[in-house]
Structures are given as structure tokens and as C-alpha cells.
Amino acid sequence: MSTSKDKTSDFRAYQSQTTPHPLGLEISHASGSYIYDVQGRAYLDFVAGVSAVSLGHSHPEVVAAVKQQADKYMHVMVYGEFIQSPALDLCKALAGALPYPLQTTYLVNSGTEAMEGAIKLARRVTGRSELISARNAYHGNTIGSLSLTDFEARKAPFRPLLPDIRHIEFNNTQSLETISSKTAAVILETIQGGAGFILPEADYLQQVRRRCDETGALLVLDEIQPGFGRTGTLFAFEQFNCIPDILVMGKGMASGLPIGAFTASRTHMDTLQDPKLGHITTFGGNPVIAAAALATLKVLQKTHLIPDTLKKESLIRSYLVHPAISEIRGRGLMLALIMESAAIADYLVLEAQKEGLLLFWLLFEPRAVRISPPLTLSEAEIKQGCTLILRLLQRYENGGVN
């Protein structure tokens with residue numbers, strides 16, 4: 001029988017890691033807002049699989065949908081050839097929840113894959129090649145998505161990447177003149193994630209929309225992280241009076257199962273049929289995962305979980321007042337604590353795990369600590385987690401001593 005030490009050794013030997021020092025918790029099971037290790041210790045989850053586990057771990061309605069569909073069939077044909085009710089019902093439900101003309105959805109396996117599809121669609125519709133994205137953007141790690149970032153340290157080892165990429169400053173309306181008749185698409189995160197959960201200011205997205213209309217460029221909004229209710233509406237763009245031409249989603253769609261999607265008008269999406277099989281995927285729209293996504297959407301639509309994210313945000317902000325926290329960015333349950341220094345952020349994440357609370361970092365802002373819990377997080381659990389954060393910050397001020 002393998003020991004925990006054996007598992008750690010095997011983890012290092014056989015499974016590729018993305019950092020030299022992974023957190024390395026050995027997971028036994030998870031339920032609701034808690035993850036349990038093999039020693040039986042509970043960890044309050046303020047990360048939710050990096051915004052993916054929308055309804056908490058093993059939500060009964062999602063689990064039931066998965067089991068019911070798995071008993072029927074799990075995979076029968078590549079995407080778009082057979083009529084499979086879970087995928088069709090999910091796409092129809094999304095059309096009912098989205099404003100016109102966002103009516104036709106292509107289901108894929110992840111957010112970054114959805115972004116790749118959106119890039120292809122924008123170039124196909126416009127016949128142009130130039131793509132414009134924001135500085136400090138993060139849209140995924142596949143080659144096309146990676147090409148959109150301006151973080152050279154991440155790009156350099158993988159060049160050559162996509163050509164014809166230009167960058168603008170998020171929230172800077174003067175830089176919108178960069179958008180021209182050569183631009184196929186302007187690709188923005190509705191709320192910048194890796195940069196530190198930065199909200200669009202005033203009418204910024206409306207002005208982007210207007211400039212795209214003037215030049216014939218398409219507007220692609222990346223809702224991979226804020227989408228599916230995390231910021232107080234089903235999608236964050238609904239709060240900024242701006243409808244994109246292509247909507248990209250992922251992460252929280254299926255409460256922890258791998259899925260992504262991009263949605264556009266029927267007219268735009270039809271261009272992917274020319275050439276025939278212009279965009280294909282084997283497992284996109286997988287019926288088991290689509291069933292989980294549909295169950296997630298139904299729960300979000302029939303409960304108060306989405307508007308309650310704003311109440312929970314207010315509660316978190318009311319608790320987390322401390323000199324070491326410079327500001328709290330974001331909206332709903334997509335929040336980032338901006339600490340006075342990166343050292344405090346590192347201390348908080350690592351010490352919180354030791355104390356039974358899971359926090360995490362953001363990609364490009366070293367001072368940031370992520371708070372993106374399941375939307376089902378209770379007020380008592382919010383108090384529990386925030387009380388521990390404050391205690392750890394006080395300990396840090398005392399030189400690491402309680």
C-alpha cells in the first residue's frame with residue numbers, strides 16, 4: 001500500500017508540474033466549500049479550482065446529472081454531427097439567457113480552446129488578420145491565446161507565435177485609435193484577471209464597442225473567469241452596457257468539469273462551415289460534461305446565488321480591513337486582496353494553507369491574493385475564512401508569532 005511519502009515521490013516523478021514548488025496537498029475528497037486531505041484534515045476553499053467550482057464541490061444536482069447521463073452514453077460522435085440532448089439543451093439555454101445576437105454556441109473543452117475558436121472565427125468573418133488585446137491580459141496558454149499577452153517572459157520561450165498582434169492599455173480610451181480597418185478583432189477580458197481583477201472604468205467598454213463598429217472589427221469579450229454568475233450577473237458584460245460579437249466562456253460552466261464555449265450570431269458561426277470542417281473537436285460538447293453545465297446553469301437561474309455574490313462581496317469587504325491590505329479589487333466573488341508587498345501575499349497564501357484555508361496567487365500581480373470561492377459559500381464560512389486571514393496578517397505584523 002502506497003504511503004503519502006510514496007505518493008509525493010510518484011507525483012514528482014510521473015506527473016508534470018508547472019512550478020518548482022507545487023502546494024502538494026494529497027486530496028481524499030471534497031464537499032461543498034471544503035476539500036479534505038488523506039489525513040482527514042478539512043480546508044475551507046476560497047479558490048474553487050481557480051473560479052471553476054461554481055456550485056461548490058460535488059453539488060448534488062450536478063452529480064446527479066453526471067450519473068444519469070453516464071448511464072445513458074458518454075461519447076458517441078465528434079462534435080456537431082449527432083443530436084445529443086445535453087449539448088443541444090445547454091446551447092439553447094444559453095441562447096435564452098444571452099442578448100441578441102448571441103444565439104449560437106460552439107462547445108469545446110476549455111477556456112483557452114474557446115479563445116482559439118474565437119480567434120479563428122473573427123479572422124474568418126472579417127477576412128483580416130490583426131488582433132488587438134490589452135496589456136497584462138491573460139486568455140490562456142495555447143499558442144493563439146498566449147500570443148495575445150504582452151508578458152514577454154512567458155512568450156519568449158515559445159516563439160514564433162501568431163503575427164499581427166497589437167496591444168492597447170486597458171481603460172485607456174486614447175489608445176482605441178489603434179483599432180483600425182485592418183483589425184479583425186479586439187479581444188478583452190471583461191474584468192482583467194491575471195492583472196489583478198481590474199474592472200472596466202466608466203463607459204470604457206461602450207467606447208471600445210463604438211470604435212469596433214466604426215472600423216468593422218469584431219469585439220471579443222473573454223468571460224472565462226467572471227462568467228456563470230461570479231460577479232453578480234450571469235456574465236459580467238451585462239453590467240457595462242456592451243454586447244460583444246463573440247463571447248468566450250469556460251471555467252465555472254460545469255462546476256468543476258472541463259468545458260469551454262464561444263457564442264456568436266448564427267450568421268457569424270455559419271462561416272466555420274466554409275471550408276467544410278473549418279473548426280472541429282472530438283470531445284467538445286461531451287454529453288456528460290454538457291449535462292453538468294446545464295445542471296449548473298439551471299441551479300444558478302432558479303436560486304439567488306448570482307445576486308447574492310454581491311452581498312457576499314460586501315461582507316468580505318466589511319471583514320477584511322487591515323493596514324496590510326492596500327485595496328480589494330474585483331466584483332462579487334471574483335476578488336483580489338492587494339497586499340502592501342509580494343512578501344505579505346506569499347506569507348498569507350502559504351500560512352493560510354497550514355491553518356486550513358485555501359488561498360492562491362494571481363498571474364501578473366505579485367501583491368495579489370485571490371479570493372474566488374464557490375458561489376455557495378455561506379456567511380458563516382466567509383466569517384471563518386476572513387477571521388483567519390486577519391489573524392495571519394496580525395501574526396505577520398508580530399514577526400510571525402501569535
Side-chain angles (χ1 to χ4, degrees), residues 2 7 15 25-38 40 42 45 47-98 103-114 117 224 227-230 234 249-263 277 279-306 373-377:
S2 296
K7 288 283 184 70
Q15 185 175 345
L25 282 183
E26 188 177 344
I27 305 304
S28 167
H29 62 285
S31 178
S33 300
Y34 290 88
I35 295 173
Y36 299 84
D37 68 17
V38 292
D45 187 3
V47 181
V50 188
S51 301
V53 189
S54 300
L55 300 182
H57 299 282
S58 301
H59 189 280
E61 292 188 46
V62 176
V63 171
V66 167
K67 289 180 176 179
Q68 183 179 29
Q69 181 56 44
D71 284 341
K72 295 178 180 178
Y73 62 92
M74 291 189 287
H75 178 73
V76 291
M77 178 54 72
V78 295
Y79 183 72
E81 292 298 318
F82 288 0
I83 299 171
Q84 301 178 57
S85 290
L88 175 58
D89 292 347
L90 173 60
C91 292
K92 187 174 180 180
L94 285 170
L98 288 167
Q103 297 294 290
T104 305
T105 295
Y106 196 119
L107 297 171
V108 291
N109 305 287
S110 66
T112 191
E113 186 183 330
I224 294 169
F228 264 59
R230 185 156 289 278
L234 187 60
M249 63 192 89
K251 283 194 184 295
M253 290 180 69
S255 294
L257 292 184
I259 189 172
F262 57 105
T263 301
L277 304 178
H279 192 68
I280 54 176
T281 173
T282 298
F283 292 111
N286 174 273
V288 175
I289 295 174
L294 182 60
T296 299
L297 182 58
K298 286 180 177 179
V299 170
L300 291 174
Q301 290 178 323
K302 73 182 182 182
T303 65
H304 291 283
L305 285 173
I306 293 178
L375 307 190
T376 49
L377 190 75

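Residue indices begin at 1 and follow the sequence shown. Keep in mind that what you see is a predicted model, and the values were worked out from it rather than measured.
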**Message:** Is the shortest side-chain heavy-atom distance between Phe228 and Lys251 below 4.5 Å?
**Reply:** no
**Fill in**
Between the CG atom in Asn286 and the CG atom in Asn109, the distance rounded to the nearest 0.5 Å is 8.0 Å
**Prompt:** Relative to the ring of His279, is the ring of Tyr106 parallel (under 30°), tilted (30 to 60°) or perpendicular (over 60°)?
**Reply:** perpendicular
**Between CD1 on residue Ile289 and CD on residue Gln69, distance to nearest 0.5 Å** = 11.0 Å
**Message:** If I compare all heavy atoms of Val62 with all of Ala292, which pair ends up nearest, and what's the gap?
**Reply:** CG1-CB, 3.8 Å
**Asked** Quick one: does Thr296's side chain get under 4.5 Å of Val299's, heavy atoms only?
**Response** no
**Request:** For Ala97, enumerate each residue passing the side-chain contact (heavy atoms from CB on, under 4.5 Å) test, keeping only those at least two apart in sequence or located in another chain.
**Result:** Leu234, Gln301
**Item:** Test side-chain contact (heavy atoms from CB on, under 4.5 Å) applied to Asp89 and Leu94, step by step
**Value:** CA-CA 9 Å; Asp89 292 347; Leu94 285 170; over 6 Å; no
**Complete:** Nearest heavy-atom contact between Ser51 and Arg230 is CB-NE, 3.6 Å
**Complete:** What one should report as the nearest heavy-atom pair of Leu107 and Thr281 is O-CG2, 3.9 Å
**Message:** Quick one, Val66 with Leu257, criterion side-chain contact (heavy atoms from CB on, under 4.5 Å). Give me CA distance, side-chain angles, the key distance, then yes/no.
**Reply:** CA-CA 10 Å; Val66 167; Leu257 292 184; 3.9 Å; yes
**Request:** Measure the CD-CG distance between Glu61 and Leu294 for me, rounded to the nearest 0.5 Å.
**Result:** 11.0 Å
**Prompt:** Can you check whether Thr263 reaches Thr104 side chain to side chain, under 4.5 Å on heavy atoms?
**Reply:** no
**Fill in**
What one should report as the nearest heavy-atom pair of Tyr79 and Cys91 is OH-SG, 4.4 Å
**Non-hydrogen atoms of Pro373 and Ala48 that approach each other most closely** = C-CB, 3.6 Å
**Message:** Just by distance, no angles: are the side chains of Ser255 and Ser54 close enough, under 3.5 Å, to form a donor-acceptor pair?
**Reply:** no
**Message:** Using every non-hydrogen atom in the two residues, find where Ala261 and Ala114 come nearest and quote the distance to one decimal.
**Reply:** O-CB, 3.4 Å
**Message:** Using the rule given for side-chain contact (heavy atoms from CB on, under 4.5 Å), can you reason through Ile224 versus Met249, listing the C-alpha separation, both sets of side-chain angles and the distance that settles it, and then say yes or no?
**Reply:** CA-CA 4 Å; Ile224 294 169; Met249 63 192 89; 5.7 Å; no
**Request:** Measure the shortest side-chain to side-chain distance between His75 and Phe283 over non-hydrogen atoms and say whether it is less than 4.5 angstrom.
**Result:** yes
**Request:** Kindly check if the number of other-residue, nucleotide or ligand heavy atoms within 6.0 Å of CD1 (Ile83) is above 12?
**Result:** no
**Request:** Taking Gln84 for its side chain and Leu88 for its backbone only, find out whether a donor-acceptor pair lies under 3.5 Å.
**Result:** no
**Request:** Please answer whether the main-chain N or O of Pro374 pairs with a side-chain N or O of Asp45 as donor and acceptor at a distance below 3.5 Å.
**Result:** no
**Request:** Would you indicate whether the side-chain heavy atoms of Leu377 and Ser33 approach each other to under 4.5 Å?
**Result:** yes
**Request:** Drop me the distance from Ser85's OG to Lys92's NZ, to the nearest 0.5 angstrom.
**Result:** 10.5 Å
**Message:** How long is the straight-line distance from NE2 of His29 back to CG of Asp37, given to the nearest 0.5 Å?
**Reply:** 9.5 Å
**Complete:** Taken to the nearest 0.5 Å, the spacing of Thr303 OG1 from Lys298 NZ works out to 14.0 Å
